Amino acid sequence: MEKSCTLLIHFDKGTPAIANEIKEALEGNDVPAKIDAMKKAVMLLLNGETLPQLFITIVRYVLPSEDHTVQKLLLLYLEITEKTDLKGRILPEMILICQNLRNNLQHPNEYIRGVTLRFLCRLNETEIIELLFPSVLQNLEHRHPFIRRNAILAVMSIYKLPQGEQLLVDAPETIEKVLSTEQDPSAKRNAFLMLFNCAHDRAINYLLTHVDRVSEWGELLQMVVLELIRKVCRTNHGEKGKYIKIIISLLNAPSTAVIYECAGTLVSLSSAPTAIRAAANTYCQLLLSQSDNNVKLIVLDRLNELKSSHRDIMVDLIMDVLRALSSPNLDIQRKTLDIVLELVTPRNINEVVLLLKKEVMKTQSGELEKNGEYRQMLIQAIHSCAIKFPEVASTVVHLMMDFLGDSNVASAIDVIVFVREIIETNPKLRVSIITRLLDTFYQIRAARVCSCALWIIGEYCLSPSEVESGIATIKQCLGELPFYSVSEEAEATDASKKTPQSNSITISSRRPAILADGTYATQSAASETAFSPPTIVQGSLTSGNLRSLLLTGDFFLTAVVACTLTKLVLRLEEVQPSKVEVNRATTQALLIFVSMLQLGQSPVLPHPIDNDSCDRIVLCIRLLCNTGDEIRKIWLQSCRQSFVKMLSEKQLQETEELKAKAQVSHAQPDDLIDFYHLKSRKGMSQLELEDEVQDDLKRATGEFVKDADDANKLNRILQLTGFSDPVYAEAYVTIHHYDIVLDITVINRTRETLQNLCLELATMGDLKLVERPQNYTLAPESSKQIKANIKVSSTETGVIFGNIVYETSNVLERTVVVLNDIHIDIMDYISPAVCTDTAFRTMWAEFEWENKVAVNTVIKNEKEFLDHIIKSTNMKCLTAPSALDGECGFLAANLYAKSVFGEDALVNVSIEKQADGKLSGYIRIRSKTQGIALSLGDKITLKQKGGS
């Protein structure tokens with residue numbers, strides 16, 4: 001029941017107005033009531049009602065009205081009402097409105113004329129229009145531009161009708177004359193648009209005739225000119241040289257919309273360095289001049305595309321791109337940094353790092369509420385630059401260490417990870433980094449930052465003075481021992497056995513007492529002592545961060561402190577010749593370990609120490625009491641060797657990712673080779689010569705070869721009907737981001753003509769059909785290509801189903817052929833992606849949707865099962881290959897992917913080999929939205945058994 005109309009209004013049909021009431025209101029003289037009645041009639045028509053009895057009433061009482069609102073509603077009514085019968089012939093009563101429309105086209109009021117001309121643009125009935133086009137042509141010369149511009153659009157609409165060229169044979173010539181004399185920018189644009197759509201050659205001729213004045217034309221006309229240039233250059237590649245000159249001249253236009261379109265047109269038509277540089281400069285100017293954040297993001301997307309295809313040119317503009325960091329929007333800042341980090345070279349690294357350092361200093365002002373997040377992005381960017389170019393590390397590492405005590409924990413973690421990597425990759429900076437770290441250690445307030453900093457101190461304090469400073473710094477930050485008061489705990493325990501219900505107990509015992517002169521004496525005391533439970537000793541103001549963190553019950557940090565002190569004492573034995581100093585340090589460390597164990601086993605903390613941390617501290621005590629050479633080697637050398645191996649694997653992984661991103665293109669053996677130096681250069685500008693060179697290079701490297709081979713298309717063809725059905729259908733499915741295109745081939749296998757053949761489709765899930773089905777006539781044993789467009793709004797697995805309906809001359813009933821379902825797979829929407837371990841853990845903690853899938857497979861090998869899951873889910877394994885080596889019977893790995901809608905998909909695979917050889921465990925999926933978690937879970941359940 002849908003009608004094509006430009007006006008769509010929601011209307012509740014629960015209490016529809018009675019046609020007689022509308023009729024009475026239309027017949028009256030009250031204009032507001034007549035307007036209200038017309039609105040109700042229009043909305044009822046839009047909602048499927050027919051109301052045939054109202055037409056004559058409207059002709060008699062509404063047509064003569066002089067009210068502008070009534071006339072506008074009348075045109076809307078005429079637009080949506082049925083004007084033909086079932087056989088497509090014009091209804092006789094429609095002739096009654098032709099005279100009224102003719103009168104409106106000659107009306108003295110400009111508004112009435114204009115809206116009537118606009119109405120004719122949406123009228124498709126030739127029988128009505130042929131009576132009106134003389135009046136339409138007269139309006140082309142009207143004095144008011146509003147009427148002229150609408151008259152031109154009406155002429156274009158009429159000319160584009162099936163019989164329009166016969167009705168208006170000389171329309172292009174007429175419009176060309178209008179274009180040459182017209183002064184109004186909008187009317188001039190409409191006239192050029194008419195020539196562009198209906199008389200292509202005339203539009204090109206007009207453009208080339210007035211090529212010197214294009215820069216003086218209005219914004220609207222210039223936009224149409226650019227559209228014409230794009231169309232001409234795609235069809236006739238050899239003539240683009242003269243049109244590119246026009247585009248470059250428009251780069252200085254005052255309109256930002258024209259400038260943006262010019263840059264995009266230049267990039268799409270030319271690969272010459274001059275043209276690409278001009279486009280990139282234009283984008284950079286727009287990035288700085290526009291205040292709208294959405295515009296900035298769009299321009300950054302265009303610059304990102306240029307970076308991928310023309311990196312050498314973009315490298316020269318890196319500082320212009322960096323100026324976009326002045327925007328306070330985090331999305332703009334993030335996208336800018338992502339672009340810049342891939343454009344850094346040895347030539348510009350110093351400038352880039354200097355600017356990033358200035359930006360980091362600005363974030364200390366605290367004026368913006370999101371300074372912490374921005375600072376974290378800057379630190380990560382500097383980290384990336386320092387890893388790629390180690391020579392700049394010395395200029396930034398000390399500045400970064402000022403933020404170890406940052407209130408933004410994520411930012412502080414990034415800093416300490418950066419310091420840990422730099423101290424290994426830049427041995428010359430080791431002494432200065434260790435000195436600075438020991439000086440600023442007391443500022444650290446986060447447990448995870450403390451853990452990493454302690455590891456650095458334990459591994460990289462090598463000289464006697466550094467080791468002693470490291471031990472002293474840790475002792476100072478731990479504060480005075482003990483960690484809690486135990487003065488009367490023993491007495492309280494004994495007394496509580498005697499009188500458990502009393503808080504006031506008498507203690508009689510013999511114990512040593514200290515006299516005034518400092519000597520000891522034995523005294524017998526019987527006194528009444530009030531028992532108080534043990535309390536935490538907070539320490540003095542000078543005691544630092546470690547003590548406060550330990551007293552919150554962070555026993556993992558306790559174990560890290562113990563390991564660090566153990567390493568320092570073991571290294572002190574190697575570098576310090578004085579045994580007295582070594583013994584003193586060992587004794588102090590053992591005292592600290594025992595105090596930490598007592599704290600963990602005392603009732604002053606909400607929970608006791610965990611077994612892992614306790615075992616670790618006890619191991620440290622045993623090591624310091626009795627150390628063998630093999631154990632010493634493991635603690636002092638193997639840890640750092642493992643870290644070096646981790647860094648080398650990380651670098652190797654990044655190198656492989658860069659290779660995977662690089663375009664692999666090959667030229668075919670029989671491809672045409674043009675020799676640039678043998679070509680004629682007559683009449684060619686420098687830009688055209690550069691363009692020719694770039695095209696030759698692309699052909700030589702195979703960049704013009706399409707990635708999608710025709711043979712691969714066969715894998716995307718789905719059979720929709722059986723071979724024995726009278727109508728055979730198959731579909732080629734193309735999925736591109738938010739769009740699904742079904743290219744369906746329908747073959748008539750009978751010897752009869754199929755009439756009113758219609759492909760009816762429906763969808764399940766977040767899929768939406770864009771077009772309404774059309775009827776076709778299919779000759780015997782012929783075929784028809786039908787395209788169906790479907791919009792996708794999420795990654796949920798969707799289903800497309802439907803049938804083919806047709807009629808034949810022999811059978812009166814319609815025949816229905818049911819089609820096979822087309823399942824749109826989630827794998828078409830997600831692609832492997834990479835993120836840091838920190839980002840993965842952060843997202844894992846934040847995402848609320850989890851789908852837990854039990855492992856149920858016939859595969860016996862853990863690594864083989866993981867590879868099968870990675871292949872089935874199209875995800876990237878973030879766990880390092882070295883962590884997956886070996887045969888221990890256990891395996892845990894993290895997988896990550898990103899959807900085309902920007903959704904993150906996180907998967908954790910945890911499996912164990914049972915005694916019978918089978919694998920057990922769970923695959924946990926987390927995402928921000930429910931759809932991707934459920935769809936991935938269904939996919940894994942289906943695929944994990946090892947099936948196809």
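Residue indices begin at 1 and follow the sequence shown. Remember, it's a predicted structure, so these values are computed and weren't measured experimentally.
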What closest approach, in Å, do [X] and [Y] show between heavy atoms, and which atom pair accounts for it?
X	Y	result
Leu120	Ala154	CB-CB, 4.5 Å
Met194	Pro172	CE-N, 4.3 Å
His200	Val232	CE1-CG2, 3.6 Å
Ile152	Ala187	CD1-O, 3.4 Å
Lys335	Asp301	NZ-OD1, 2.9 Å
Thr336	Ala324	OG1-CB, 3.6 Å

Charged N to carboxylate O under 4.0 angstrom, [X] versus [Y]?
X	Y	value
Glu79	Arg118	no
Glu110	Arg143	yes
Glu227	Arg230	no
Asp184	Arg149	yes
Lys296	Asp331	no

Is a side-chain donor or acceptor of [X] paired with a backbone partner of [Y] at a separation under 3.5 angstrom?
X	Y	answer
Ser249	Ile246	yes
Tyr283	Gly264	yes
Thr116	Ile112	yes
Asn139	Leu105	yes
Arg302	Ala279	no
Thr81	Leu78	no
Arg113	His107	yes
Thr265	Glu261	yes
Ser157	Leu153	yes
Asn304	Leu300	no

Do [X] and [Y] make a side-chain contact, defined as non-hydrogen atoms from C-beta onward lying under 4.5 Å apart?
X	Y	answer
Val295	Val299	yes
Leu306	Val267	yes
Leu195	Leu179	yes
Val155	Thr174	no
Tyr159	Ile175	no
Leu75	Gln71	no
Cys284	Val321	yes
Pro185	Leu220	no

Around atom [atom1] of [X], are there more than 12 heavy atoms from other residues, nucleotides or ligands closer than 6.0 Å?
X	atom1	result
Arg311	CZ	yes
Lys787	NZ	no
Gln785	CD	yes
Glu219	CD	yes

Approximate separation, where rounding is to 0.5 Å, of [X] [atom1] and [Y] [atom2]:
X	Y	atom1	atom2	answer
Leu343	Asp316	CG	CG	10.0 Å
Tyr206	Leu228	OH	CG	12.5 Å
Gln99	Leu101	CD	CG	9.5 Å
Ile786	Leu759	CD1	CG	5.0 Å
Lys784	Thr777	NZ	OG1	9.5 Å
Leu303	Glu305	CG	CD	9.5 Å

* Partner of Trp217 under side chain to side chain contact (heavy atoms under 4.5 Å, CB included), chosen from Val258, Val225, Leu250, Val224 ->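 The side chain to side chain contact (heavy atoms under 4.5 Å, CB included) with Trp217 is passed solely by Val225 among Val258, Val225, Leu250, Val224.
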* What's the verdict on side chain to side chain contact (heavy atoms under 4.5 Å, CB included) for Asn748 and Leu757, showing C-alpha distance, side-chain angles and the deciding distance? -> CA-CA 10 Å; Asn748 179 7; Leu757 183 141; over 6 Å; no
* side chain to side chain contact (heavy atoms under 4.5 Å, CB included) between Leu123 and Ile129: does it pass, once the steps are laid out? -> CA-CA 8 Å; Leu123 203 60; Ile129 288 176; 4.1 Å; yes
* Step by step, would you call Thr209 with Asn205 a side chain to side chain contact (heavy atoms under 4.5 Å, CB included)? -> CA-CA 6 Å; Thr209 306; Asn205 183 54; 3.8 Å; yes
* Leu266 vs Thr282, side chain to side chain contact (heavy atoms under 4.5 Å, CB included): CA-CA, chis, key distance, verdict -> CA-CA 11 Å; Leu266 265 182; Thr282 301; over 6 Å; no
* Would you please classify the geometry between the Tyr111 ring and the Phe146 ring as parallel, tilted or perpendicular, with 30° and 60° separating the classes? =>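 Phe146 vs Tyr111 ring planes: parallel.
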* Hey, can you tell me if His142 and His144 have their rings parallel, tilted or perpendicular (30° and 60° cut-offs)? =>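 It falls in the tilted class, 30° to 60°.
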* Pick one: which of Arg148, Arg189, Lys188 meets side-chain hydrogen bond (donor to acceptor under 3.5 Å, both in side chains) with Glu182? ->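 Option passing the side-chain hydrogen bond (donor to acceptor under 3.5 Å, both in side chains) with Glu182: Arg148.
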* Asked: Does the side chain of Gln285 pick up a donor-acceptor pair with the side chain of Asn281 at under 3.5 Å?
  ->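 Checked: Gln285/Asn281 side chains show no N/O donor-acceptor pair below 3.5 Å.
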